[in-house]
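To start, the structure itself, in structure tokens.
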Amino acid sequence: MLDTILSTARRRHLGVYGALLAVGVVAACDNNESTAPNPTAKATTASAARGSGQIPQSVISWKMLDEKNAVVKYDGAMFEVSGPFGIKKLFYDNQYPEDGDPKLGQVSLVGMVDGQYKICQGNSATGFIILPASQCFSGYLGVGGQLTFTFFNPRPPYVQWANVTDVGTLLGGGATFTVKDSLGSGSTITDDQWPESSPQAGSLQTSLSHPGTWTICQTKASAGYVIPAGQPCSKVVVNWGDIGWGGSFVNNLPYSMSWGVTEGVVDANNTYVPLAGAKFTVQYGRSPSKTPVDDNGQNDYDPRPGRIAMKL
């Protein structure tokens, strides 16, 4: 009669009637049961513990690692666990009682029943992203065994650039750019509109979906300005967690003029030293009216002393 029980009992039956069976019966039945851990997961069994006559609790655990293989010690990561007998858990990192590991970036589910499991990450910690290739893992959890996973949550790469006047001051006014990867995929970015994330007009920033070479091109100038003919695009190479600099894109007024003032002194680079504080009048053709222009004052849009720029 006992032989019949040994040959036909399933592991889940033993979980129910385990109190009636000796540990040796559990071990014998477990050795006949096949397991199929996912190759991306680490699965261990309780064979060492069986030698002492005790079976430890089954555990599923995982970590979130960033682009430097450091544990992501920030909150906000959320997971969904599906398993045998309709098990379905949806919880956050460090959420009690599901997560038995008190450290951020590390999750441990203790005392799980044996069977096939699937763990998917729904949210990452703030400032990190989930890669589709490592969003879900599957594996078989044996009696007294362990399943261990690693989720890759890198910081996204960013690119920054500027939209400036011909004298280098930042421009607002809704300038538009395209940001594309080496395959031509990407998006259109407008200054001061999501997903552009810089708080300052004329200074632009956006996150990128992956590392590599990205090209930034300006397609529309700020209001009241024009894009110079032949303005080149900018190429930036970034990796996970990097912030690449795309340079400055110059927008000109349709008509302007500029000049400088010096007393003739040159610096170590043989460049004339500007002289601040001069005042001028500008007269258009034969017009009787004259427009006053003061260095760093009225009608001068160049903030540098000794250099004057005037909109015409």
To the nearest 0.5 Å, what is the distance between OG1 (Thr281) and CG (Asp294)? 10.5 Å

Taking Pro274's backbone N and O only, do any of them form a donor-acceptor pair with Thr262's side chain (distance below 3.5 Å, no angle check)? no

For the backbone of Asp114 and the side chain of Ser58, can you confirm whether one donor and one acceptor N or O come within less than 3.5 Å of each other? no

Hydrophobic clusters here meaning ILVMFWY residues chained together by side-chain heavy-atom distances under 4.5 Å, can you tell me if Leu147 and Met112 are in one? yes

Check the pair Glu80, Lys88 against salt bridge (Lys or Arg N to Asp or Glu O under 4.0 Å), reporting the backbone distance first and the verdict last. CA-CA 7 Å; Glu80 182 178 36; Lys88 187 174 287 289; 3.5 Å; yes

Taking the inter-plane angle between the rings of Trp259 and Phe280 on a 0 to 90° scale, is it parallel (under 30°), tilted (30 to 60°) or perpendicular (over 60°)? perpendicular

Begin from the C-alpha positions of Gln146 and Ile60 and carry the test side-chain contact (heavy atoms from CB on, under 4.5 Å) through to its verdict. CA-CA 6 Å; Gln146 294 186 2; Ile60 304 175; over 6 Å; no

Does Trp161 reach the side chain of Thr206, with side-chain heavy atoms less than 4.5 Å apart? yes

Quick one: do the Lys63 and Thr150 side chains pair a donor with an acceptor below 3.5 Å? no

Can you tell me how far apart CG (Leu312) and OG (Ser256) are? Round to the nearest 0.5 Å. 6.5 Å

From Asn296, Asp166, Thr165, Thr169, residue fulfilling side-chain hydrogen bond (donor to acceptor under 3.5 Å, both in side chains) relative to Tyr301: Asp166

I'd like to check Gln106 versus Val71 (side-chain heavy atoms, cut-off strictly below 4.5 Å). Are they in contact? yes

For Val238 and Pro157, the nearest pair of non-hydrogen atoms, with its separation, is CG2-CB, 3.7 Å

At their closest point, which heavy atom of Pro305 faces which heavy atom of Ala276, and how far apart are they? CB-CB, 3.6 Å

Do any N or O atoms from the side chain of Asn123 and from the backbone of Ala77 form a donor-acceptor pair under 3.5 angstrom? no

For the pair Asp191 (side chain) and Gly202 (backbone), establish whether a donor and an acceptor sit closer than 3.5 Å, ignoring hydrogens and angles. yes

Salt bridge check: are Asp302 and Arg307 linked by an N-O gap of less than 4.0 Å? no

Could you name each residue pair satisfying side chain to side chain donor-acceptor pair (under 3.5 Å) that touches residues 216-240, not counting sequence neighbours? Asn163-Gln218, Asn163-Ser222, Thr215-Lys235, Gln218-Gln231, Gln218-Asn251

Answer whether the closest heavy-atom distance between the side chains of Pro154 and Ile129 falls below 4.5 Å. yes

Find out whether Thr213 and Val236 are in side-chain contact, i.e. whether some heavy atom of one side chain is under 4.5 Å from a heavy atom of the other. no

When you check the side-chain N and O atoms of Tyr74 and Asn153, is any donor under 3.5 Å from an acceptor? no

Within the 4.5 Å heavy-atom criterion, are Gln116 and Leu141 side-chain neighbours or not? no

If every non-hydrogen atom of Gln283 is compared with every non-hydrogen atom of Ser289, which pair is closest and at what distance? CG-O, 3.6 Å

Treat each ILVMFWY residue as a node, draw an edge where side-chain heavy atoms are under 4.5 Å apart, and state whether Ile189 and Leu208 are in one component. yes

Taking C-beta and beyond as the side chain, do Val59 and Ser108 meet within less than 4.5 Å on heavy atoms? yes

So how far is it from Tyr117 OH to Phe149 CZ, rounded to the nearest 0.5 Å? 10.5 Å

State whether the side chain of Asp66 and the backbone N or O of Lys68 hold a donor-acceptor pair below 3.5 Å, judged by distance alone. yes

Indicate yes or no: at least one non-hydrogen side-chain atom of Val265 is less than 4.5 angstrom from one of Tyr272. no

Donor + acceptor pair across side chains of Ser197, Gln205 (<3.5 Å): yes

Verdict with reasoning, Val293 to Lys279, per side-chain contact (heavy atoms from CB on, under 4.5 Å): CA-CA 6 Å; Val293 182; Lys279 296 178 182 291; over 6 Å; no

Val167 reachable from Leu253 in the ILVMFWY side-chain graph, under 4.5 Å edges: yes

Hey, do the aromatic rings of Phe151 and Phe137 have their centres closer than 6.0 Å? yes

Where the side chain of Gln160 meets the backbone of Leu204, is there a donor-acceptor pair that is under 3.5 Å apart? no

Which heavy-atom pair separates Gly224 from Pro254 by the least distance, and what is that distance? O-CD, 3.3 Å

Should Val261 and Val266 be counted in the same cluster of Ile, Leu, Val, Met, Phe, Trp and Tyr side chains packed under 4.5 Å apart? no

Measure the NZ-CD1 distance between Lys89 and Ile119 for me, rounded to the nearest 0.5 Å. 12.0 Å

If you measure from OG on Ser258 to NZ on Lys311, what distance do you get to the nearest 0.5 Å? 15.5 Å

Disulfide bond (SG atoms under 2.5 Å apart) pairs touching residues 149-238, sequence neighbours excluded, are Cys217-Cys233

How close do Pro292 and Lys290 get, counting heavy atoms only, and between which atoms? CD-O, 3.7 Å

Residue pair Cys136, Lys118: steps toward the side-chain contact (heavy atoms from CB on, under 4.5 Å) verdict: CA-CA 7 Å; Cys136 294; Lys118 182 178 181 180; 4.0 Å; yes

Run the numbers on Trp214 and Val159 for side-chain contact (heavy atoms from CB on, under 4.5 Å), then give the verdict. CA-CA 9 Å; Trp214 292 78; Val159 64; 5.9 Å; no

When the ring planes of Phe177 and Phe249 are compared, do they come out parallel, tilted or perpendicular, using 30° and 60° as the limits? perpendicular

Closest heavy-atom contact between Pro228 and Asn252? CG-ND2, 3.5 Å

N-O pairing of Glu67 and Arg155 below 4.0 Å: yes

In Å, rounded to the nearest 0.5 Å, how long is the span from OG1 of Thr126 to CG of Asp75? 6.5 Å

Return yes when atom CZ of Phe91 has more than 12 non-hydrogen atoms of other residues, nucleotides or ligands closer than 6.0 Å, and no otherwise. yes

Shared hydrophobic cluster for Tyr96 and Phe79 (ILVMFWY, side-chain gaps under 4.5 Å): no

Would you mind reporting whether Leu90 and Met78 have side-chain heavy atoms less than 4.5 Å apart? yes

Judged by atom type as modelled, is there a donor-acceptor pair below 3.5 Å linking the side chain of Gln95 to the main-chain atoms of Asp99? no

